[in-house]
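Heavy-atom basis, side chains included; hydrogens, waters and symmetry copies ignored. Chain naming here is simple, since letters A, B, ... match the order of the sequence lines and numbering starts at 1 in each.
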4 protein chains.
Amino acid sequence: MKVTKEQILQKAISFFSSHDYDRSSLNEIAGALNITKGGIYHYFESKDDLFKESVSYLLDIVDQQASDSIELGIPLKKLLKSFFLLDDVAGLYSQMTGLDILGDYSDIVYLLFSVLKKFPEMRSKQERIYARYMMGMEMLFRDAQKRGEIRRDLDPEGLAFELTAFVEGGMLISSVSSGLDGNRLGTKVFDNFWKRIQSDSDDPE
Amino acid sequence: MKVTKEQILQKAISFFSSHDYDRSSLNEIAGALNITKGGIYHYFESKDDLFKESVSYLLDIVDQQASDSIELGIPLKKLLKSFFLLDDVAGLYSQMTGLDILGDYSDIVYLLFSVLKKFPEMRSKQERIYARYMMGMEMLFRDAQKRGEIRRDLDPEGLAFELTAFVEGGMLISSVSSGLDGNRLGTKVFDNFWKRIQSDSDDPE
Amino acid sequence: MKVTKEQILQKAISFFSSHDYDRSSLNEIAGALNITKGGIYHYFESKDDLFKESVSYLLDIVDQQASDSIELGIPLKKLLKSFFLLDDVAGLYSQMTGLDILGDYSDIVYLLFSVLKKFPEMRSKQERIYARYMMGMEMLFRDAQKRGEIRRDLDPEGLAFELTAFVEGGMLISSVSSGLDGNRLGTKVFDNFWKRIQSDSDDPE
Amino acid sequence: MKVTKEQILQKAISFFSSHDYDRSSLNEIAGALNITKGGIYHYFESKDDLFKESVSYLLDIVDQQASDSIELGIPLKKLLKSFFLLDDVAGLYSQMTGLDILGDYSDIVYLLFSVLKKFPEMRSKQERIYARYMMGMEMLFRDAQKRGEIRRDLDPEGLAFELTAFVEGGMLISSVSSGLDGNRLGTKVFDNFWKRIQSDSDDPE
DNA sequence: CATGAATGAGCCTTCATTCAT
DNA sequence: GATGAATGAAGGCTCATTCAT
């Protein structure tokens with residue numbers, strides 16, 4: 001059974017995100033794939049190269065799944081609610097790739113920060129993903145406004161940013177605070193959030 | 001001029017937050033202090049020890065300043081507004097210690113994540129700081145409710161979490177997205193936020 | 001010319017026995033083999049590992065040669081005599097391996113003691129070698145009793161222990177006392193020893 | 001309570017014999033005496049100096065006690081018997097100094113060997129102690145011969161060497177072989193030894 | 001293609017030694 | 001006298017990288 005370049009990338013992601021760059025040795029990565037260190041050098045010029053390529057590989061997946069999570073045309077309320085269940089969202093990260101690549105949310109945040117430290121030039125790629133995601137959100141709100149589901153006097157860009165920032169921050173705090181119930185707090189916040197933005201003509205719950 | 005233990009801690013923080021644990025060599029840290037590596041071992045048993053002690057040192061400062069930033073008894077609106085000016089808040093981190101220790105917000109997040117990876121036992125300290133901070137926020141909202149400044153039907157715990165999470169997440173996104181204007185977006189969000197929570201009797205602006 | 005694992009073991013023995021564990025640096029050992037320190041880590045996980053493996057290597061040789069030195073079926077007297085020539089026996093150690101590995105007898109005693117200090121779990125291996133050797137001696141005496149070469153009322157186990165202990169102690173004293181003639185004193189002792197144990201029917205010399 | 005030079009010597013012996021030269025740090029030795037490293041340098045020029053002086057100190061005690069153990073004028077048989085009880089003799093080493101300085105027999109042998117490796121010039125002192133001890137033994141046998149307690153046709157020098165070597169070797173084997181009963185085997189050997197050397201006119205037991 | 005031996009630089013750590021106070 | 005800060009050399013160890021096979 002040949003080891004493909006993609007398998008190496010996946011295993012690398014798994015090491016880099018759980019062990020951190022410097023603590024992930026090529027020997028171990030190779031060992032986990034039952035090949036030798038030299039084998040990796042056939043596909044990648046250096047460890048740095050492997051690192052950058054594997055983070056890119058991961059970012060593409062994240063971007064794809066982020067896009068997929070934004071579905072136009074369905075009632076916004078239900079979709080939004082799912083974003084506020086912080087523990088559930090965080091749980092998605094582990095399955096995100098369908099490849100058992102990632103640990104939890106904090107692993108990926110750590111990984112993305114560390115790549116910025118080493119390779120500042122990768123900032124633009126991360127930046128673009130955030131931008132695309134928030135743009136998707138914005139369209140979601142615009143669409144709901146058009147359909148009259150939410151109030152028309154709210155700024156869609158502000159809403160998109162507010163939501164995204166809250167979710168990121170909420171998961172971050174959640175990942176540090178083991179005793180905190182992210183779903184419960186998220187629901188509380190969602191209730192207030194929705195009450196504020198829903199169209200006046202909406203049936204109050 | 002004697003080099004004190006505190007000077008070492010500060011320089012260590014500065015390295016660990018900007019270069020990451022593994023890339024911060026004792027050689028460099030010592031060199032930046034004009035002492036030799038061996039000198040560090042007078043004050044610290046090991047690199048791990050230095051790392052843990054310096055993160056502790058930093059966390060104590062962060063905790064202190066977080067507490068200080070919560071002032072009861074003044075109009076909530078003005079205080080809140082300042083929290084939403086993300087770029088300004090982020091800027092505070094660099095001066096937080098008054099010691100030119102930190103780079104920017106992402107440095108400290110990165111540092112705190114990395115310490116959790118290496119020393120999970122330090123989670124509780126970080127957790128406590130978040131808990132204390134959010135409790136302070138909660139009291140802020142309760143106080144404002146008592147004074148009639150904001151609506152009384154809102155859940156203070158939810159508000160505290162919402163605010164804290166938004167600020168953290170906002171700064172995180174901001175630190176990645178160089179083109180993003182954190183103050184502008186933050187102001188937008190604040191306006192909506194305040195409109196929602198202010199007491200009905202308040203004069204609309 | 002490739003450097004084999006066995007060559008490293010031999011050179012290590014030579015250093016560890018003449019310089020002691022802590023004073024034998026991997027740098028020097030590697031240098032003597034014209035490789036670099038890192039090369040040693042290809043074959044051994046650590047200095048400790050190298051130490052243990054090389055002592056094991058030596059012990060196996062010692063055990064083998066000890067077994068070989070016990071020949072059943074030949075006149076006991078001649079064989080015994082050779083054991084009492086302490087200087088000659090001590091001299092055998094240096095050539096024991098045919099590899100110029102050891103210095104003199106005291107080197108090996110020192111090495112074996114030091115390995116016990118660091119790795120008490122290696123005691124059993126040394127113990128087994130002594131036990132096997134003394135058992136071989138015992139059989140030698142039993143055989144000679146059967147053949148009527150020595151008196152039948154002596155305890156073979158006691159004789160084996162007496163002989164072994166005397167030889168060990170004699171060489172030890174000899175190795176410390178440069179002026180002492182081990183062969184001369186050994187011969188004196190042998191004469192008494194043999195006079196005591198020889199069969200009465202034997203022709204007195 | 002002032003720390004005297006002798007106290008340092010004793011503590012040093014205790015460390016050097018149980019931990020070995022290189023593993024005994026001046027810091028630890030000083031710490032065990034509740035003084036600082038610098039304090040040691042008031043009495044000793046260097047670690048080497050301390051090492052040599054402390055081994056000298058020990059050797060003087062050993063020499064003294066070895067002399068004391070040889071008592072002329074009492075029945076030889078009883079005295080000799082005590083030398084053959086190997087486990088008991090080995091046990092004496094720990095109490096030898098009355099100062100809780102030494103561990104067991106193997107510690108002292110190890111220490112004496114290691115000092116020879118580092119400072120070959122100390123060989124003569126050790127050599128002299130062995131020589132004096134064997135000379136004492138020789139006189140013991142001569143005395144017993146004079147008194148008619150043992151046969152007059154035996155060579156006292158050979159007997160002294162035989163006895164000393166056996167005891168040294170026996171204890172050495174004993175210290176390695178945990179399962180071996182040194183007293184039992186020693187008694188066996190003594191019985192044979194005494195039978196051989198006792199005067200014919202002696203009452204057989 | 002792939003292996004595995006070998007390198008070399010860099011890191012953490014220890015510790016005898018010095019010296020100003 | 002004695003302390004404690006500081007040095008500097010050395011050692012074990014790791015690992016990305018190279019290269020002959």
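Pair assignment for F:dA20 gives E:dT3, based on Watson-Crick or G-U wobble hydrogen-bonding distances that are each under 3.5 Å.
When only modelled atom types and interatomic distance are considered, D:Y43 and D:E53 share no side-chain donor-acceptor pair under 3.5 Å.
Toward the 5′ end of DNA chain F lies the nearest nucleotide of D:N34, the other residue of the pair D:N34 and A:S46 mapping further downstream. When each of A:G38 and A:Y21 is assigned the nucleotide of DNA chain F with its nearest heavy atom, A:Y21 is the one assigned upstream, toward the 5' end.
A cation-pi contact, defined as under 6.0 Å to the ring centre and within 45° of the axis, is absent between A:K11 and A:F16.
Counting to the nearest Å, the C1' atom of F:dT14 and the CG atom of B:D22 are 11 Å from each other. C:Y43 places its OH atom 11 Å from the P atom of E:dG4, with the value rounded to the nearest Å. Across the protein-nucleic acid pair, C:K118 atom NZ and F:dG12 atom C1' stand 11 Å apart, rounded to whole Å. Rounded to an integer number of Å, the gap from CG of B:N27 to C1' of F:dA10 is 14 Å. For A:D49 and F:dT18, the CG to C1' distance is 17 Å, given to the nearest whole Å. Atom CD in C:E45 sits roughly 14 Å away from atom C1' in F:dG12 (whole-Å rounding). With rounding to whole Å, C:I35 atom CD1 is found 10 Å from E:dA5 atom C1'. Between C:E28 atom CD and F:dG12 atom P the separation is 9 Å, expressed in whole Å.
Of the candidate nucleotides E:dT13, F:dG11, F:dA2, F:dG11 has the atom lying nearest to any side-chain atom of C:K47. Closest to the D:T36 side chain, of the nucleotides F:dG4, F:dG8, F:dC13, is F:dG4.
C:K37 contributes a side-chain N or O that forms a donor-acceptor pair with the base of F:dG12 under 3.5 Å.
An OP1 or OP2 oxygen of E:dC11 is reached within less than 4.0 angstrom by a side-chain nitrogen or oxygen of B:S25. Close to E:dT17, at under 4.0 Å from its OP1 or OP2, lies a side-chain N or O of D:Y41. For the pair A:H42 and E:dC1, the criterion of a side-chain N or O lying under 4.0 Å from OP1 or OP2 is not met.
Nearest heavy-atom pair across C:M122 and C:L116 is C-CD2, 4.0 Å.
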**Request:** With side chain to side chain donor-acceptor pair (under 3.5 Å) as the test, would you mind laying out the steps for C:D48 and C:Y21 before giving the verdict?
**Result:** CA-CA 9 Å; C:D48 279 9; C:Y21 180 84; 2.4 Å; yes

**Request:** Determine, stepwise, if the pair A:D22 / A:K118 fulfils salt bridge (charged side-chain N to carboxylate O under 4.0 Å, His left out).
**Result:** CA-CA 11 Å; A:D22 286 290; A:K118 276 186 69 75; 5.8 Å; no

